[in-house]
Amino acid sequence: MNMGGKIIFYEDRNFQGRSWECSGECADMSSYLSRCHSCRVERGCFMVYDRTNFMGNQYFMRRGEYSDYMSMMGMSDCIRSCRMIPMHRGSYRMRIYERENFGGQMHELMDDCDHTMDRYRMNSCMSCNVMDGHWLMYEQPHYRGRMMYMRPGEYRNFMNMGFGGGSRFMSMRRIMDSYY
């Protein structure tokens, strides 16, 4: 039974001020709230973005309360867009590539990888093909640093996805149903 997701955004810290509820995705939240300083995830998992149209820095949010997420996550700007992550049951499979356009070394993952250098002697991942499941990719080893949400599809060049200069990833984690 998948009831979908539900996230409530609040203009002020500690769930104060005007609020707005979302259960899918929103490419531009500015018409609903002038700012956003706290949120509550009641069901599901979401990615939130500090730019409109699902661009910029991304943050993964699972069920719970975030009374002042900006200071907790080191955000310098407020949330401008959000997207619910659908629950995935089944296998996970992703091919990571050392260079853009599926160039260089290739490795296939079916589970989490906490450090591409330690596991594959691969110092960066600059493109990937997600065949099954939903994944989080991190720019530093051990699931640290900026992250990017990857759903099934081909990603030839991470720089084209609004991530900016640091478009190399060194660790990957599956978004498991236990997060829901």
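One finds the SG atom of Cys36 at 11.5 Å from the CD1 atom of Ile8 (value rounded to the nearest 0.5 Å). Distance check, rounded to the nearest 0.5 Å: CG of Leu33 to CZ of Arg80 gives 10.5 Å. Residue Arg62 holds its CZ atom at 14.0 Å from CD1 of Ile7, rounded to the nearest 0.5 Å.
The salt bridge (charged side-chain N to carboxylate O under 4.0 Å, His left out) check on Glu98 picks up nothing, with sequence neighbours excluded. In terms of the side-chain contact (heavy atoms from CB on, under 4.5 Å) criterion, residue partners of His134 (sequence neighbours excluded) are, by chain and number, Ile85, Pro86, His88, Tyr149, Arg151, Pro152, Ile175. With sequence neighbours left out, the side chain to side chain donor-acceptor pair (under 3.5 Å) criterion links Thr52 to no other residue. The salt bridge (charged side-chain N to carboxylate O under 4.0 Å, His left out) search around Asp118 returns none, not counting sequence neighbours. Qualifying side chain to side chain donor-acceptor pair (under 3.5 Å) partners for Asp132, counting only residues two or more places apart in sequence or in other chains: none. Scored by the side chain to side chain donor-acceptor pair (under 3.5 Å) test, Arg95 finds Glu108 as partners (sequence neighbours excluded). Residues that satisfy the salt bridge (charged side-chain N to carboxylate O under 4.0 Å, His left out) test with Arg119, not counting sequence neighbours, are Asp111. Checked against salt bridge (charged side-chain N to carboxylate O under 4.0 Å, His left out), Arg144 has no partners two or more places apart in sequence or in another chain.
Of the candidates Tyr143, Tyr59, Phe60, Tyr138 forms a ring-ring contact (aromatic ring centres under 6.0 Å, His included) with just one, namely Tyr143. For the pairing with Tyr97, the side-chain contact (heavy atoms from CB on, under 4.5 Å) check across Ser127, Cys125, Ser124 returns one residue only, Ser127.
Residues Ile79 and Met84 are members of one and the same hydrophobic cluster, defined by side-chain heavy-atom contacts under 4.5 angstrom among Ile, Leu, Val, Met, Phe, Trp and Tyr. Note on Leu109 and Tyr155: same hydrophobic cluster, where clusters join Ile, Leu, Val, Met, Phe, Trp and Tyr whose side-chain heavy atoms are under 4.5 Å apart, directly or indirectly. In the hydrophobic cluster analysis, where Ile, Leu, Val, Met, Phe, Trp and Tyr join through side-chain heavy atoms closer than 4.5 angstrom, Val48 is grouped together with Tyr66. If you chain together hydrophobic residues whose side chains sit under 4.5 Å apart, Met172 and Tyr92 fall into the same group. Linking Ile, Leu, Val, Met, Phe, Trp and Tyr residues whenever their side-chain heavy atoms come within less than 4.5 Å leaves Met106 and Met137 in two separate clusters.
Proximity of Glu100 to Arg156: side-chain heavy atoms (C-beta onward) are nowhere separated by under 4.5 Å. Counting only heavy atoms from C-beta outward, the side chains of Met147 and Arg173 never approach each other to under 4.5 Å. Within the 4.5 Å cutoff, side-chain heavy atoms of Arg83 are placed close to those of Tyr49. Using a 4.5 Å heavy-atom cutoff, the side chains of Ser31 and Asp28 are not in contact. Between Met150 and Phe158 the shortest side-chain heavy-atom distance falls below 4.5 Å.
Judged by distance alone, with hydrogens and angles left aside, the side-chain atoms of Ser171 form a donor-acceptor pair with the main-chain N or O of Gln140 at under 3.5 Å. Counting only distance, with no hydrogens or angles, the side chain of Asn101 and the backbone of Gly103 share no donor-acceptor pair below 3.5 Å. A distance-only check finds no donor-acceptor pair linking the side chain of Asn123 to the backbone of Met117 [under 3.5 Å]. Although no hydrogens or angles enter the test, the distance criterion places a donor-acceptor pair under 3.5 Å between the side chain of Glu139 and the main chain of Arg146.
Taking every heavy atom of both residues into account, Arg43 and Phe46 meet most closely at O-CE1, 3.6 Å. Minimum heavy-atom separation, Gln105 to Arg121: NE2-O, 3.4 Å. The minimum heavy-atom distance linking His37 with Glu11 is given by the pair CD2-O, 3.0 Å. Here the closest non-hydrogen pair linking Cys128 and Phe102 is O-CE2, 3.4 Å.
Within the structure, salt bridge (charged side-chain N to carboxylate O under 4.0 Å, His left out) pairs that include any residue of residues 31-40 comprise Asp12-Arg35, Arg40-Glu65 (at least two apart or interchain).
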**OP:** Mind running side chain to side chain contact (heavy atoms under 4.5 Å, CB included) on His115 and His142 for me, showing each step along the way?
**Re:** CA-CA 6 Å; His115 196 307; His142 309 291; 4.1 Å; yes
Subject >> Stepwise side chain to side chain contact (heavy atoms under 4.5 Å, CB included) test for Met47 and Phe54 >> reply: CA-CA 9 Å; Met47 286 308 287; Phe54 319 110; over 6 Å; no
**OP:** Begin from the C-alpha positions of Met122 and Ile96 and carry the test side chain to side chain contact (heavy atoms under 4.5 Å, CB included) through to its verdict.
**Re:** CA-CA 10 Å; Met122 188 168 145; Ile96 59 172; 3.9 Å; yes
What side-chain donor-acceptor pairs closer than 3.5 Å can you find for residues 16-24, not counting sequence neighbours?
unit_1, atom_1, unit_2, atom_2, d
Gln16, NE2, Asn14, O, 3.1
Arg18, NH2, Tyr32, O, 2.6

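Clustering of Ile, Leu, Val, Met, Phe, Trp and Tyr by side-chain heavy atoms under 4.5 Å joins Met131 with none of the others. Taking a 4.5 Å side-chain heavy-atom cut-off between Ile, Leu, Val, Met, Phe, Trp and Tyr, the cluster of Met110 contains only that residue.
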